Amino acid sequence: MSETILKIDHLQKQFDSHVILKDVSLSVKKGEVIVIIGPSGCGKSTFLRCINGLEDIQSGDILLENRSIVGNTTQIQKERQRIGMVFQSYDLFPHKTVLDNVTLAPRKVQKRDKAEVEKEGLQLLDRVGLASKQNAYPRQLSGGQKQRVAIVRALAMHPEILLFDEVTAALDPEMVHEVLETMLELARSGNTMLIVTHEMSFARAVADRIVFLDEGGIVEEGTPEEFFEHPKTDRAKKFLASFEYHR
Ligand SMILES: Nc1ncnc2c1ncn2[C@@H]1O[C@H](COP(=O)(O)OP(=O)(O)O)[C@@H](O)[C@H]1O
Ligand SMILES: [Mg+2]
């Protein structure tokens, strides 16, 4: 786990004159699992969206294996397919079956062979316990099942980096666990992951490194033990304390 796969270099992001991310730098190693935590509105989603090219940036750079992926050329769009993202709202196509939702992008965007993609899609669905739902429609699934389908849909594109933005935040409590288990399994099998979550015990279990973001900057980072047991800054201490209280 030594090779840097993703480098965010002095990233600055504004919405109009409002600076959301100021001078954020972060290097991610291949196979590393980073959990990003911080108060609501501090820029966590914006940070992931910038990495995935869903937001333009004002200055700085984002490098995937030393090549910039800032911009919108065809080549950069292709490079960006190496990064997959899962959102809080699953955004499945309601009129398509589970298997079609999973296989659509690999077939249409990556122009891969239908039979091959379907075979793999079924294997991935099986891995998250949903092979039997291949012909179901999203409305026939629970929230937890829909989110696992959304994860499989991201995996079907063979991403080298996975971004997760509060993927359990909209779920009923009893369904949170099944989605976190799926993510733990992905982490254990060596995937490179950036995860935004408020599930602190999960963060602790899954992360190689915790990054604490506040007011548009990285305030503190460290191992889960360092961060949760010995937070260095008052802001992190305060955040953790408020969290204990609200749980
Ligand atoms: N499309 C947008 N236009 C203007 N402001 C935005 C937009 N998206 C997010 N923001 C603002 O950027 C800040 C960070 O938002 P966000 O990244 O969603 O925070 P978090 O995910 O940490 O809760 C907030 O102040 C939010 O209002
Ligand atoms: Mg957010």
Side-chain angles (χ1 to χ4, degrees), residues 6 8-26 28 33-62 69-72 80 83-92 143-144 146-147 150-151 153-154 159 161-173 175-176 179-180 183 193-204 206-207 209-222 224 227-228 231 233-247:
L6 179 72
I8 293 102
D9 197 22
H10 299 289
L11 169 67
Q12 171 136 335
K13 168 67 188 170
Q14 297 174 208
F15 287 111
D16 300 320
S17 60
H18 191 183
V19 180
I20 307 297
L21 298 169
K22 37 190 164 198
D23 198 26
V24 176
S25 294
L26 182 70
V28 183
V33 177
I34 295 182
V35 171
I36 300 164
I37 61 179
S40 179
C42 73
K44 305 179 296 295
S45 296
T46 304
F47 184 56
L48 293 189
R49 289 171 59 82
C50 288
I51 294 172
N52 204 28
L54 296 171
E55 302 285 351
D56 59 357
I57 68 171
Q58 276 58 56
S59 66
D61 209 350
I62 300 168
I69 50 165
V70 175
N72 253 323
R80 268 205 208 102
I83 303 177
M85 185 156 171
V86 185
F87 302 86
Q88 180 177 321
S89 55
Y90 341 102
D91 298 329
L92 299 174
K146 279 189 267 204
Q147 195 54 290
I151 292 172
R153 177 181 55 182
I161 301 173
L162 285 161
L163 312 177
F164 296 87
D165 190 7
E166 295 203 42
V167 298
T168 60
L171 297 178
D172 289 332
M175 288 165 193
V176 168
V179 173
L180 296 183
M183 291 162 74
M193 298 160 70
L194 264 68
I195 304 170
V196 171
T197 184
H198 289 294
E199 297 288 335
M200 294 300 158
S201 45
F202 166 70
R204 207 173 162 148
V206 80
R209 187 149 48 116
I210 303 276
V211 168
F212 177 59
L213 200 68
D214 194 12
E215 292 174 10
I218 294 176
V219 174
E220 178 161 344
E221 60 181 296
F227 181 74
F228 288 108
T233 59
D234 283 345
R235 275 197 271 173
K237 284 177 197 164
K238 235 174 159 174
F239 175 79
L240 287 170
S242 73
F243 218 86
E244 294 293 311
Y245 181 76
H246 286 296
R247 215 150 31 149

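These numbers come from a predicted model, not from an experiment. Both counts, for ligands and for their atoms, begin at 1 and track the order of listing.
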A.B. asks: Heavy atom to atom 15 (O) of ligand 1, shortest distance: which of Asp165, Asp214, Thr46, Leu21 holds it?
C.D. replies: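 The nearest heavy atom belongs to Thr46.
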A.B. asks: Any non-hydrogen protein atom below 4.0 Å of atom 26 (C) of ligand 1?
C.D. replies: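 So far as the 4.0 Å threshold goes, atom 26 (C) of ligand 1 is out of reach of every protein heavy atom.
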A.B. asks: Using side chain to side chain contact (heavy atoms under 4.5 Å, CB included) as the criterion, list what pairs up with Ala150, not counting sequence neighbours.
C.D. replies: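 Ala150: side chain to side chain contact (heavy atoms under 4.5 Å, CB included) contacts with Val86, Tyr90, Leu92, Gln147, Arg153.
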A.B. asks: Below 4.5 Å, heavy atoms only, C-beta onward: do Asp9 and Ser25 meet side chain to side chain?
C.D. replies: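 In short, these two side chains touch, coming nearer than 4.5 Å.
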A.B. asks: Rounded to the nearest 0.5 Å, what separation is found between the CD1 atom of Ile37 and the CZ atom of Phe227?
C.D. replies: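 Spacing of CD1 (Ile37) from CZ (Phe227) equals 4.0 Å.
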A.B. asks: Below the 2.8 Å mark, what number of protein N, O or S atoms do you get around the Mg ion (ligand 2)?
C.D. replies: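 Those protein atoms number 1 in total.
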A.B. asks: Check whether any N or O atom of Lys44, backbone or side chain, sits under 3.5 Å from an N or O atom of ligand 1, and answer yes or no.
C.D. replies: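 Yes, Lys44 has an N/O under 3.5 Å of an N/O on ligand 1.
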A.B. asks: Considering non-hydrogen atoms of the protein only, which is the closest contact for atom 18 (O) of ligand 1, and what is the distance?
C.D. replies: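 So the nearest neighbour among protein heavy atoms is Ser45 CB, 3.7 Å.
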A.B. asks: May I ask you to decide if Thr233's main-chain N or O and Glu220's side chain share a donor-acceptor pair within less than 3.5 Å?
C.D. replies: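 Checking the backbone N and O of Thr233 against the side chain of Glu220, a donor-acceptor pair under 3.5 Å is found.
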A.B. asks: Find all atoms of ligand 1 within a distance of less than 4.0 Å from any non-hydrogen atom belonging to Ser40, and give their numbers and elements.
C.D. replies: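 In order of number, 23 (O).
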A.B. asks: Are Thr197 and Val206 packed together at the side-chain level, in the sense that at least one heavy-atom pair is separated by less than 4.5 angstrom?
C.D. replies: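 With C-beta onward as the side chain, the pair stays apart.
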A.B. asks: Would you call Phe47 and Val24 a side-chain contact if the rule is heavy atoms closer than 4.5 Å?
C.D. replies: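 Answer yes - side chains close enough.
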A.B. asks: Nearest protein heavy-atom contact for atom 11 (C) of ligand 1: which residue, which atom, what distance?
C.D. replies: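 Of the protein heavy atoms, Ile20 CD1, 3.9 Å lies nearest.
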A.B. asks: Apply side-chain contact (heavy atoms from CB on, under 4.5 Å) to residues Leu6 and Ile62 and explain how you reach the verdict.
C.D. replies: CA-CA 7 Å; Leu6 179 72; Ile62 300 168; 4.1 Å; yes
A.B. asks: Would you say Lys13's side chain and Lys22's backbone share a donor-acceptor pair under 3.5 angstrom?
C.D. replies: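 Side chain of Lys13 to backbone of Lys22: no pair is present.
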A.B. asks: Considering non-hydrogen atoms of the protein only, which is the closest contact for atom 9 (C) of ligand 1, and what is the distance?
C.D. replies: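 So the nearest neighbour among protein heavy atoms is Phe15 CE1, 3.5 Å.
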A.B. asks: Donor-acceptor check, side chain of Lys44 to backbone of Leu213, threshold 3.5 angstrom: yes or no?
C.D. replies: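 No; zero donor-acceptor contacts below 3.5 Å.
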A.B. asks: Looking at non-hydrogen atoms alone, which of Pro39, Gly216, Cys50, Gly41 comes nearest to atom 20 (P) of ligand 1?
C.D. replies: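 Looking at heavy atoms only, the winner is Gly41.
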A.B. asks: I need the Arg80 CZ to Ile161 CD1 distance, nearest 0.5 Å.
C.D. replies: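 Reported to 0.5 Å precision, the distance equals 12.5 Å.
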A.B. asks: With respect to Gly43, determine whether any N or O atom, backbone or side chain, lies less than 3.5 Å from an N or O atom of ligand 1.
C.D. replies: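 Yes.
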